[in-house]
K.L.:
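Please read through the structure below; I'll follow up with questions.
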Amino acid sequence: RDAAQELESKQQARDALSEEVSKVEKKTATIEEEAAQHDSEVESFTSDVEKARTEQEDAKIGLKDAESAVRNAQRERADAESEAKGADQGIKVFEKRIQDLRKQIKDQRRETAQHRSAKRRQSG
């Protein structure tokens, strides 16, 4: 009878341990699932961070390109303004030359008219 009770007691202990092992296995499985979920979230977050860094680098490059384009445009504008000033100076020189030529033509006409009038007086 003692052997039967001992066997019964050992079977109950084994059943209790088996149930405890089952609970621990369930908890382990749950923890592993959560760990896998966290790993997935970390991977996703890491990927997002890498994408953001890439976008930031691209934005920095774009900004440098834009700044360079602005500097080039400013240089081109300064060159164009310089050319415009040169053209203005050229125009002023030509206008002065035209004015001088008109004066010469006017003077020559006056001289020609005076010569004609002097010839008429001599012949008349």
Side-chain angles (χ1 to χ4, degrees):
R1 202 171 174 211
D2 283 340
Q5 274 185 335
E6 193 174 320
L7 181 61
E8 178 74 26
S9 174
K10 283 185 179 182
Q11 283 178 342
Q12 287 176 349
R14 187 198 69 205
D15 289 346
L17 281 174
S18 180
E19 196 173 310
E20 196 62 34
V21 166
S22 179
K23 285 180 185 176
V24 168
E25 284 175 345
K26 283 183 184 175
K27 279 186 180 178
T28 300
T30 300
I31 289 170
E32 286 174 347
E33 281 179 27
E34 289 174 356
Q37 177 103 17
H38 288 307
D39 287 348
S40 174
E41 289 171 1
V42 166
E43 282 180 31
S44 176
F45 180 72
T46 302
S47 174
D48 290 348
V49 168
E50 287 173 6
K51 284 179 190 171
R53 283 188 179 142
T54 300
E55 289 173 5
Q56 183 183 29
E57 289 303 313
D58 290 348
K60 284 181 182 178
I61 291 169
L63 178 61
K64 285 182 183 178
D65 289 347
E67 289 171 343
S68 176
V70 166
R71 282 192 300 274
N72 289 341
Q74 288 171 337
R75 242 180 271 132
E76 289 173 10
R77 179 179 175 188
D79 291 348
E81 287 174 351
S82 177
E83 286 178 25
K85 284 181 185 176
D88 284 346
Q89 287 300 109
I91 289 171
K92 287 179 183 172
V93 167
F94 280 118
E95 286 174 343
K96 175 75 172 127
R97 182 107 191 266
I98 290 169
Q99 208 174 30
D100 290 347
L101 289 172
R102 283 184 178 151
K103 187 176 182 299
Q104 284 178 0
I105 290 169
K106 190 176 178 184
D107 291 348
Q108 284 178 349
R109 283 182 181 159
R110 193 175 343 105
E111 283 179 30
T112 304
Q114 287 172 352
H115 283 305
R116 282 185 192 148
S117 130
K119 279 187 180 181
R120 274 192 217 123
R121 274 189 240 128
Q122 285 176 354
S123 60

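Throughout, residue positions are numbered sequentially from 1 according to the sequence presented.
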K.L.:
So, taking the atom named CZ in Arg109 and the one named CD in Gln114, what distance separates them when rounded to the nearest 0.5 Å?
P.N.:
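Those atoms lie 14.5 Å apart.
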
K.L.:
Any chance you could measure Glu32, atom CD, to Glu25, atom CD, to the nearest 0.5 Å?
P.N.:
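The CD atom of Glu25 is 10.5 Å from CD of Glu32, to the nearest 0.5 Å.
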
K.L.:
Is any side-chain heavy atom of Val93 closer than 4.5 Å to one of Lys96?
P.N.:
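SC-SC contact between Lys96 and Val93 ruled out.
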
K.L.:
Going by an N to O cut-off under 4.0 Å, is there a salt bridge joining Glu57 and Arg53?
P.N.:
no

K.L.:
Does Gln11, at its CD atom, have more than 12 non-hydrogen atoms belonging to other residues, nucleotides or ligands within less than 6.0 Å?
P.N.:
yes

K.L.:
Could you tell me whether a side-chain N or O of Ser40 sits under 3.5 Å from a main-chain N or O of Ala36, the two making a donor and an acceptor?
P.N.:
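Checked: no pair found.
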
K.L.:
For a salt bridge (charged side-chain N to carboxylate O under 4.0 Å, His left out) check, start with the C-alpha distance between Asp100 and Arg97, then their side-chain angles and the critical distance, and finish with the verdict.
P.N.:
CA-CA 5 Å; Asp100 290 347; Arg97 182 107 191 266; over 6 Å; no

K.L.:
In Å, rounded to the nearest 0.5 Å, how long is the span from CG of Asp58 to CG of Leu63?
P.N.:
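It comes to 12.5 Å.
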
K.L.:
Please assess Lys23 against Lys27 for the test side-chain contact (heavy atoms from CB on, under 4.5 Å), listing each intermediate value before the final yes or no.
P.N.:
CA-CA 6 Å; Lys23 285 180 185 176; Lys27 279 186 180 178; 5.8 Å; no

K.L.:
Salt bridge check, Lys85 against Asp88: does any charged N sit closer than 4.0 Å to a carboxylate O?
P.N.:
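No, this pair does not count.
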
K.L.:
How long is the straight-line distance from CZ of Phe45 back to CD of Glu50, given to the nearest 0.5 Å?
P.N.:
11.0 Å

K.L.:
Closer than 4.0 angstrom, basic N to acidic O: yes or no for Asp79 and Arg75?
P.N.:
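Here Asp79 does not pair with Arg75 in a salt bridge, since their nearest N and O are not under 4.0 Å apart.
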
K.L.:
Using salt bridge (charged side-chain N to carboxylate O under 4.0 Å, His left out), reason through Glu55 and Lys51 one step at a time and then give a plain yes or no.
P.N.:
CA-CA 6 Å; Glu55 289 173 5; Lys51 284 179 190 171; over 6 Å; no

K.L.:
Can you measure from CD (Gln104) to CD (Gln108) and round to the nearest 0.5 angstrom?
P.N.:
6.5 Å

K.L.:
Does the pair Ile61 and Lys64 meet the rule for a side-chain contact (heavy atoms from CB on, under 4.5 Å), with working shown?
P.N.:
CA-CA 5 Å; Ile61 291 169; Lys64 285 182 183 178; 5.7 Å; no

K.L.:
Would you say the side chains of Ser117 and Arg121 form a donor-acceptor pair under 3.5 Å?
P.N.:
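Yes - a donor-acceptor pair under 3.5 Å links their side chains.
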
K.L.:
Rounded at 0.5 Å granularity, tell me how far CD in Glu6 sits from NZ in Lys10.
P.N.:
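Nearest 0.5 Å value for the CD-NZ distance: 4.5 Å.
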
K.L.:
Would the distance check show the side chain of Ser9 and the main-chain N or O of Gln5 forming a donor-acceptor pair, the cut-off being under 3.5 Å?
P.N.:
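Such a contact is absent between Ser9 side chain and Gln5 backbone.
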
K.L.:
Flag the pair Glu95 / Gln99 as yes when at least one side-chain heavy-atom distance between them is below 4.5 Å, and no otherwise.
P.N.:
no

